[in-house]
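On a predicted model such as this, the values are computed, not experimentally measured, just so you know. Below, chains carry the letters A, B, ... as their sequence lines are ordered, and counting in each starts from 1.
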Protein chains: 2
Amino acid sequence: MTNDQNMDAIFQALAHESRRRMLDIVKEEPGIGVGALASDFDVSRIAVMKHLSVLEEANLVVSEKDGRTRRLYFNAAPIQMIHDRWTTEYSAYWAGQLTRIKYLAEAQEHTKKTKTRRAKS
Amino acid sequence: MTNDQNMDAIFQALAHESRRRMLDIVKEEPGIGVGALASDFDVSRIAVMKHLSVLEEANLVVSEKDGRTRRLYFNAAPIQMIHDRWTTEYSAYWAGQLTRIKYLAEAQEHTKKTKTRRAKS
DNA sequence: GTCATATGTAACAAATAGGTTACATATTAA
DNA sequence: TTAATATGTAACCTATTTGTTACATATGAC
């Protein structure tokens with residue numbers, strides 16, 4: 001159903017805080033209209049509509065026309081799909097890797113702090 | 001540790017198929033160098049390095065210098081974080097919503113197909 | 001029908017992303 | 001030391017994203 005062809009669109013849609021916030025609002029207020037949603041943001045209604053079209057391309061939001069208002073609904077299916085993919089593809093991997101990577105991350109943090117001073121013998 | 005401030009970077013990093021493929025390769029071949037990784041892609045090494053810097057900003061890849069090669073490692077922690085966030089924030093919501101949303105998605109599919117023909121009385 | 005409301009479209013501008021080539025630096029091998 | 005290897009940086013170009021304003025269309029209230 002939802003596959004790798006859509007993953008770009010899903011992650012892209014989720015990559016911006018304002019769109020995640022829109023998702024939250026639509027999730028909390030199913031059937032909210034475009035204008036009502038836009039009033040929660042300080043960018044223009046058109047900007048919000050563009051964000052909505054990104055969310056709709058990712059199928060994270062679906063809408064239906066009801067008179068002159070377009071009602072918006074949150075669709076969790078794509079998130080479910082990614083959840084499942086991660087559970088099967090990554091979860092098994094975590095246990096064994098996390099400790100070593102944690103060490104490396106710390107080492108890297110140290111490297112960043114000290115990277116400018118280097119002995120020039 | 002990893003928080004909302006980083007979510008943009010994480011989703012952004014995962015939003016491109018080539019970067020997800022890099023992650024897969026680095027996960028399969030821990031310690032692979034930049035050039036070796038780049039040879040798996042048909043864009044330039046510099047383009048691959050830019051993708052790597054996106055992945056490193058998201059902390060999905062960490063690296064350590066080993067002589068003249070920079071060794072790359074996959075770090076699953078950010079993915080774990082998102083996994084956890086979704087599990088707690090969305091999972092409970094899915095059960096009740098999926099059926100209705102499925103209906104709406106189908107309705108929308110129908111709307112798309114018929115949106116161009118409209119009676120002009 | 002007329003007016004207000006809700007949404008949609010077009011055209012444009014600025015910022016960011018994603019790619020290139022050319023050149024620089026650092027390390028290993030000879 | 002010299003040459004090959006591995007990576008890094010700078011400058012530049014193009015495409016996409018993200019935003020704007022102005023105008024168009026569709027629906028509900030009167």
Side-chain angles (χ1 to χ4, degrees), chain A residues 8-22 26 29 31-58 60-73 108 111-112 114-121, chain B residues 8-22 26 29 31-58 60-73 108 111-112 114-121:
Chain A
D8 281 22
I10 296 166
F11 284 125
Q12 174 89 29
L14 293 170
H16 293 268
E17 199 274 335
S18 53
R19 286 198 288 259
R20 292 197 301 275
R21 195 146 56 88
M22 284 178 200
V26 170
E29 300 184 53
I32 191 174
V34 174
L37 176 65
S39 68
D40 284 342
F41 295 83
D42 54 1
V43 295
S44 71
R45 177 181 58 86
I46 284 79
V48 170
M49 292 213 320
K50 289 190 182 182
H51 284 302
L52 279 174
S53 67
V54 172
L55 290 168
E56 285 191 318
E57 271 173 33
L60 285 160
V61 160
V62 293
S63 63
E64 58 179 358
K65 252 308 177 66
D66 174 21
R68 63 186 161 184
T69 89
R70 181 156 65 96
R71 307 211 166 276
L72 305 168
Y73 301 92
Q108 191 196 33
T111 304
K112 271 180 192 161
T114 59
K115 74 178 170 189
T116 43
R117 38 190 169 89
R118 202 184 329 101
K120 21 179 107 173
S121 60
Chain B
D8 282 23
I10 297 167
F11 283 126
Q12 174 90 29
L14 293 170
H16 294 268
E17 199 275 334
S18 53
R19 285 198 289 257
R20 292 196 301 273
R21 196 146 55 87
M22 285 179 199
V26 171
E29 301 185 53
I32 191 174
V34 174
L37 176 65
S39 69
D40 284 342
F41 294 84
D42 55 0
V43 294
S44 72
R45 178 181 57 86
I46 285 78
V48 171
M49 291 212 320
K50 288 191 181 180
H51 284 303
L52 279 175
S53 67
V54 172
L55 290 168
E56 285 191 317
E57 271 173 34
L60 286 160
V61 161
V62 293
S63 64
E64 58 179 358
K65 252 306 176 67
D66 174 21
R68 64 185 161 188
T69 88
R70 181 155 66 96
R71 306 211 167 278
L72 305 168
Y73 301 93
Q108 190 197 31
T111 304
K112 272 180 191 164
T114 58
K115 73 178 169 187
T116 43
R117 37 193 170 86
R118 201 185 329 104
K120 21 178 108 173
S121 61

Which nucleotide wins on minimum distance to the side chain of [X], given the candidates [options]?
X	options	value
R70(A)	dA17(C), dG8(C), dT7(D)	dG8(C)
R68(B)	dT27(D), dT27(C), dG8(D)	dT27(C)
K50(B)	dG18(C), dT7(D), dA11(C)	dG18(C)

Would you say that more than 12 heavy atoms from the other residues, nucleotides or ligands in this model lie under 6.0 Å from the CG of D66(A), or not? yes
d([atom1], [X]; [atom2], [N]) in whole Å:
X	N	atom1	atom2	result
E17(A)	dG19(D)	CD	P	12 Å
L72(A)	dG8(C)	CG	C1'	14 Å
L52(A)	dA6(C)	CG	P	16 Å
L14(A)	dT17(D)	CG	P	15 Å
D8(B)	dT16(C)	CG	P	13 Å
D66(A)	dG8(C)	CG	P	13 Å
E57(B)	dG18(C)	CD	C1'	14 Å
K65(B)	dA6(D)	NZ	C1'	8 Å

Heavy-atom side-chain contact between [X] and [Y] under 4.5 Å:
X	Y	value
R19(B)	L14(B)	no
Q12(B)	H16(A)	yes
M49(A)	V34(A)	yes

Comparing Q12(A) with R71(B), nearest DNA chain D nucleotide closer to 5' gives the residue R71(B)
Earlier contact from the 5' end, DNA chain D, for H16(A) and V34(B): V34(B)
Would you tell me if any nitrogen or oxygen in the side chain of H51(A) comes within less than 4.0 Å of OP1 or OP2 on dT17(D)? no
Minimal heavy-atom distance between L60(A) and A13(A), with the atoms involved, is CD1-CB, 3.9 Å
Tightest non-hydrogen contact, residues A36(A) and S39(A), listed as O-OG, 2.6 Å
So, using side-chain hydrogen bond (donor to acceptor under 3.5 Å, both in side chains) as the criterion, who are the partners of R70(A) when residues are at least two apart? E56(A), S63(A)
Under 4.0 angstrom, heavy atoms only, what part of the nucleic acid is R19(B) near: base, sugar-phosphate, or nothing? sugar-phosphate
Are R71(A) and I32(A) close enough, and set up right, to give a side chain to side chain contact (heavy atoms under 4.5 Å, CB included), and what steps lead you there? CA-CA 5 Å; R71(A) 307 211 166 276; I32(A) 191 174; over 6 Å; no
Can H51(B) and F41(B) be said to form a side chain to side chain contact (heavy atoms under 4.5 Å, CB included), step by step? CA-CA 11 Å; H51(B) 284 303; F41(B) 294 84; over 6 Å; no
Taking a pair as Watson-Crick (N1 to N3 plus N6-O4 or O6-N4) or G-U wobble (N1-O2 and O6-N3), both under 3.5 Å, which stems of 3 or more consecutive pairs involve DNA chain C? C:1-30 with D:1-30
Taking 4.0 angstrom as the limit, do D8(A) and R20(B) come out as a salt bridge? yes
Can you pull out the residues from residues 38-49 of chain A that lie within a 4.0 Å heavy-atom distance of DNA chain C? R45(A), I46(A), M49(A)
